[in-house]
Amino acid sequence: TKTDPDRHTSGNFKLSFEFFPPKNADMDVQLWETVEELARWNPDFVSVTYGAGGTTKAPTLVAVDRMISVAGLSTASHLTCVDASKQEVHDVVEELRGIGVKHFVALRGDPATGPGTAYKPHPDGYENAAALVRGLREIDDFQISVSAYPEKHPESESTDVDIDMLKRKADNGATRALTQFFFDNTMFERYMERVTKAGITIPIVPGIMPIQNLTQLKRFAGRCGTSIPAFLDERFAGLDDNPVERAKVAADVAAEQILDLQRHGISEFHLYTMNRAPLVNAVLENVGYRPLRQSAA
Ligand code: FAD
């Protein structure tokens with residue numbers, strides 16, 4: 001197949017898609033079907049998470065390699081510095097650089113002992129994400145994305161402390177921040193005002209999480225510090241046993257969120273795909289984007 005470069009997907013808007021490395025053969029099949037399907041949206045880049053949930057670096061490397069060499073997508077590898085010496089981090093960076101990675105999502109990460117355990121830097125490692133950014137910047141002219149937390153990182157004492165960390169990451173060479181997912185755009189607007197006031201000028205790209213299942217999401221959101229506004233309970237009320245209607249509401253909710261952010265001048269969006277295409281497709285169709293057509297070669 002070949003794509004028609006003249007058909008644009010999202011006009012002036014840029015999209016990125018986040019995936020996680022598969023944990024078994026079935027998930028592997030699902031990931032690659034999803035990647036193929038979502039590639040039609042001509043993303044600016046895709047990203048693959050690293051080390052989260054007890055996985056090691058190997059599945060991330062395999063997935064990133066395939067995204068670049070087979071799917072032909074501009075691919076960012078997430079990278080954490082938790083529990084690793086600088087040398088170990090550099091070895092991974094070299095491996096990823098060797099397969100063509102030019103973009104990292106640089107993160108501190110969480111201790112393997114799980115959330116709630118206090119973070120302790122490795123004795124020979126990077127002390128935090130800002131130090132990791134500086135280390136990457138010294139290696140090469142990478143694109144470096146970092147995290148941002150509109151509702152504050154759960155461990156952080158205040159939003160000011162958080163914004164201070166974001167500023168340090170930007171000053172050390174980060175080129176973009178991707179936010180934790182959120183559902184309350186007003187709160188994001190307020191966060192952006194404080195970010196601007198702090199003199200941070202890198203793009204802050206909202207992370208959009210289409211809601212596959214509100215009950216499950218609530219558990220996860222609690223750990224991430226994301227609040228669930230009351231309107232979501234209202235929109236999903238009575239739909240527990242109605243997956244078709246639930247998917248429609250989910251697509252509407254995320255599309256409305258993106259459209260509202262667009263009206264406020266946001267032009268880049270990072271979508272948490274959960275390695276599934278149908279809901280992401282529905283959201284982007286509702287926003288009014290058009291996929292690239294695939295035509296037989
Ligand atoms: P930082 O930017 O270093 O810190 C975030 C905030 O937490 C700081 O502003 C600071 O106020 C506060 N903080 C940091 N350290 C401390 C401390 N010791 N005490 C008190 N407050 C502190 N995790 C993975 O394992 N793999 C991934 O691939 C991954 N991808 C992610 C992608 C995105 C877009 C986001 C938003 C998060 C991702 N995470 C991932 C989760 C991330 O690793 C955790 O949230 C982790 O706890 C913080 O890492 P960070 O780089 O965001 O931290």
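Just so you know, ligand 1 is whichever comes first in the structure, and atom 1 is the first atom listed for that ligand. Everything numeric here is computed off the predicted structure, so don't read it as measured data.
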query: Can a non-hydrogen atom of H270 be found less than 4.0 Å from any atom of ligand 1?
result: no
field: Test salt bridge (Lys or Arg N to Asp or Glu O under 4.0 Å) applied to K102 and D140, step by step
entry: CA-CA 9 Å; K102 300 188 181 77; D140 208 343; over 6 Å; no
message: Measuring from non-hydrogen atoms of G109 to any atom of ligand 1, is the shortest distance under 4.0 Å?
response: yes
statement: Closest heavy-atom approach to atom 16 (C) of ligand 1 among R108, E18, K120, H153 is made by R108
message: Within the structure, is a non-hydrogen atom of V105 found at a distance of less than 4.0 Å from ligand 1?
response: no
field: Heavy-atom proximity to atom 42 (C) of ligand 1, best of Y119, F181, Y149, Y272
entry: Y149
- prompt: For atom 32 (C) of ligand 1, which candidate among K169, R168, H78 provides the closest heavy atom?
  reply: H78
- prompt: Which is closest to atom 11 (O) of ligand 1 by heavy-atom distance: S156, G225, P150?
  reply: S156
- line: ligand 1 atoms nearer than 4.0 angstrom to some heavy atom of Q180 are 36 (C)
message: So does S156 get a backbone contact from the side chain of K152, meaning a donor-acceptor N/O pair under 3.5 Å?
response: yes
- request: Please could you name the atoms of ligand 1 that S147 approaches to less than 4.0 Å, counting only its heavy atoms?
  value: 2 (O), 35 (C), 36 (C), 50 (P), 51 (O), 52 (O)
query: Which atoms of ligand 1 are found less than 4.0 Å from any heavy atom of Y50?
result: 24 (C), 25 (O), 26 (N), 27 (C), 28 (O)
task: Just jot down the ligand 1 atoms closer than 4.0 angstrom to any heavy atom of T80, in number order.
output: 24 (C), 25 (O), 26 (N)
task: Might you point out which heavy atoms bring E151 and G225 nearest each other, and give the distance in Å?
output: CB-O, 3.5 Å
- prompt: Is the backbone N or O of L107 less than 3.5 Å from a side-chain atom of T80, with the two atoms forming a donor-acceptor pair by type?
  reply: no
statement: Correct closest heavy-atom pair for P43 and V46 would be CG-CG1, 4.0 Å
message: Same cluster or not: Y191 versus I228, using hydrophobic residues (I, L, V, M, F, W, Y) connected whenever any side-chain heavy atoms lie under 4.5 Å apart?
response: no
- line: Heavy-atom proximity to atom 29 (C) of ligand 1, picking from V205, L107, T49, points to L107
- prompt: Which ligand 1 atoms does M165 reach within 4.0 Å, using its non-hydrogen atoms?
  reply: 2 (O), 3 (O), 8 (C), 9 (O)
- request: For the residue pair F142 and F104, categorise the inter-ring angle as parallel (less than 30°), tilted (30 to 60°) or perpendicular (more than 60°).
  value: perpendicular
- request: Apply side chain to side chain contact (heavy atoms under 4.5 Å, CB included) to the pair E285 and W41, showing each step before the final yes or no.
  value: CA-CA 10 Å; E285 278 157 20; W41 295 102; 3.9 Å; yes
